[in-house]
Colleague: 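Could you have a look at this structure, given as structure tokens, before my questions?
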Amino acid sequence: MDKAILDSLNIPVLVSGADGGIRHGNAAAGRFWRVLPAKLTDYTLSHLFAGDERIGAAVVRAVTSEASSTIEPVLLQSAAGRSNTVLRIQVDPLQSSGEQAGLAVVAIWDETRRERIASASHEARMRQSMGSMLKGLAHELQNPLSGIKGATQLLARKLGQSSSHSEYPEVILKELERLERLIKNLLAHGDNPPLNPVDFNLHELLDEVLWFIANSHAQLEMVREYDPSLPDCHADRDRLHQVFLNLLRNAAEASPAGGTVRIRTRIAGPWSEEEQLPDPGRIYFQIEVEDQGQGISESHREQLFTPFFTTKATGTGLGLSISHQIVMAHNGWLRQRNITPHGSVFTVIIPVME
Ligand code: ADP
């Protein structure tokens, strides 16, 4: 009768001794761990809960001092063929005819779905408050920016065209204009502005970005391997500037002193074997940024494009997530792979418009 009640429950329930050995598992527990319920007695709590000692300790407390406990969250990572399951576990002493039976009942609630919903709504709230923060910040940046712009225009006039330094104020002014457009976009659309595609030469854009990186990382060698047959690009130039600046800055920061950063371009299409293209029938620009850093570990790769993921003391963790968003908005993709002996390649794929 007791067994029939346990088996009718849709909640996984185990009966365990103080030694952690399983004495009984109901049908739902069998389904949860994907073994025959009768086979559960071959396992221990430590096996089933991937070495989490808290459950065994709670069973000992239940058996020796009749104490009940709730343990949460219990994370089962890739155990029993599942990945990242979040559990809440209730442990109670087992009473048989009013007597302590020297056993404990372990009931399992799968909270994965609830956790996901909570974290999705947390992320939505975060994005919302980030959006208003960004707008506030963009607004505040306008005044100092126009101050810098005025002073740079004055400097440019004083230096005149003949000076050997006249290119610097020009670069500052061009970048200030890019910042002004970014701010205008942020104020109008928050962090998700629509694309503003224009025709431009991709190599000129890459050279522009490389100029900055080469100046701030003079100890690195920058190697360009450009495919000269590339057609003009029709895309949002300012936002791709952001993407390549992020990728090249990361590559430079990851590189050892005296290292080499390579930037390659080519056309990818149905003939490309090594990469999956979003639409295998179309042709794409393929831009690769290669560094000689340490590469990226498997656990970090999973979080690479998640906002705020950073391993740097002064990092923001926003560069790659924003870059990913921009490339996706262009119907392309951004991926990373590790290379031997060490280093990373970040590949950007964006469609060539016919
Ligand atoms: P941030 O640079 O502010 O940390 P990013 O989003 O650009 O933010 O990068 C997130 C994280 O990804 C970095 O902190 C770093 O751990 C890792 N990363 C990015 N690019 C590289 C690279 N080229 N080599 C090694 N790790 C990298």
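Treat the numbers as computed from the prediction; the structure is a model and nothing was measured. Every number for a ligand or one of its atoms is a count from 1 in the order of the listing.
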Colleague: To which protein heavy atom is atom 24 (N) of ligand 1 closest, and what is the distance rounded to 0.1 Å?
Modeller: A254 CB, 3.4 Å

Colleague: Closer than 4.0 angstrom, basic N to acidic O: yes or no for K135 and E140?
Modeller: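 Salt bridge: no.
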
Colleague: Any heavy atom of S344 sitting closer than 4.0 Å to ligand 1?
Modeller: yes

Colleague: Decide if the gap between the ring center of F49 and the ring center of W33 is smaller than 6.0 angstrom.
Modeller: yes

Colleague: Quick one, H330 and D236 - any side-chain contact, counting heavy atoms below 4.5 Å?
Modeller: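 H330 vs D236: side chains touch.
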
Colleague: Does a side-chain N-to-carboxylate-O contact under 4.0 Å join E177 and K174?
Modeller: no

Colleague: Work out whether the distance between some heavy atom of H300 and some atom of ligand 1 is less than 4.0 Å.
Modeller: no

Colleague: Polar contacts were defined as any N/O atom of the residue lying under 3.5 Å from an N/O atom of the ligand; does this apply to L320 and ligand 1?
Modeller: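 By distance alone, the answer is yes.
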
Colleague: With a 6.0 Å cut-off (strictly less than), is the heavy-atom count around CZ of F212, excluding the residue itself, greater than 12?
Modeller: yes

Colleague: Nearest heavy atom to atom 3 (O) of ligand 1 wins, so pick from T316, L318, L304.
Modeller: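 Looking at heavy atoms only, the winner is T316.
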
Colleague: Side chains of I89 and W109: closer than 4.5 Å at any heavy-atom pair?
Modeller: no

Colleague: Identify the closest protein heavy atom to atom 16 (O) of ligand 1: which residue and atom is it, and at what distance?
Modeller: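 Going atom by atom, the protein heavy atom closest to atom 16 (O) of ligand 1 ends up being T311 OG1, 2.4 Å.
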
Colleague: Does F346 have a heavy atom less than 4.0 Å from any atom of ligand 1?
Modeller: yes

Colleague: Check this for me: does any side-chain nitrogen of one of E225 and R266 sit under 4.0 Å from a carboxylate oxygen of the other?
Modeller: no

Colleague: Tell me, which protein residue and heavy-atom name are nearest atom 2 (O) of ligand 1, and how many Å apart are they?
Modeller: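 For this ligand atom, the closest protein heavy atom is K312 NZ, 2.8 Å.
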
Colleague: Looking only at protein heavy atoms, identify the closest one to atom 7 (O) of ligand 1 and say how far it is in Å.
Modeller: N250 ND2, 2.8 Å

Colleague: Checking a contact table here: which protein heavy atom is nearest atom 10 (C) of ligand 1, and how many Å away?
Modeller: F309 O, 3.2 Å

Colleague: Just to confirm my output: which protein heavy-atom neighbour is closest to atom 25 (C) of ligand 1, and how far is it?
Modeller: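 The closest heavy atom on the protein side is I296 CG1, 3.6 Å.
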
Colleague: Should the pair R262-E288 be classified as a salt bridge under the 4.0 Å nitrogen-to-oxygen rule?
Modeller: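 No, this pair does not count.
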
Colleague: Identify the closest protein heavy atom to atom 23 (N) of ligand 1: which residue and atom is it, and at what distance?
Modeller: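 Ranked first by proximity to atom 23 (N) of ligand 1 is D291 OD2, 2.8 Å.
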
Colleague: So if I count the atoms of ligand 1 from 1 in the order they appear, which ones are less than 4.0 Å from some heavy atom of T310?
Modeller: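 Here the atoms of ligand 1 in question are 1 (P), 4 (O), 14 (O).
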
Colleague: What residue and atom, counting heavy atoms only, is the protein's closest point to atom 1 (P) of ligand 1, and at what distance?
Modeller: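 Answer, as residue, atom name and distance: G317 N, 3.6 Å.
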
Colleague: Passes side chain to side chain donor-acceptor pair (under 3.5 Å), H47 versus T44? Steps please.
Modeller: CA-CA 5 Å; H47 279 127; T44 64; 3.1 Å; yes

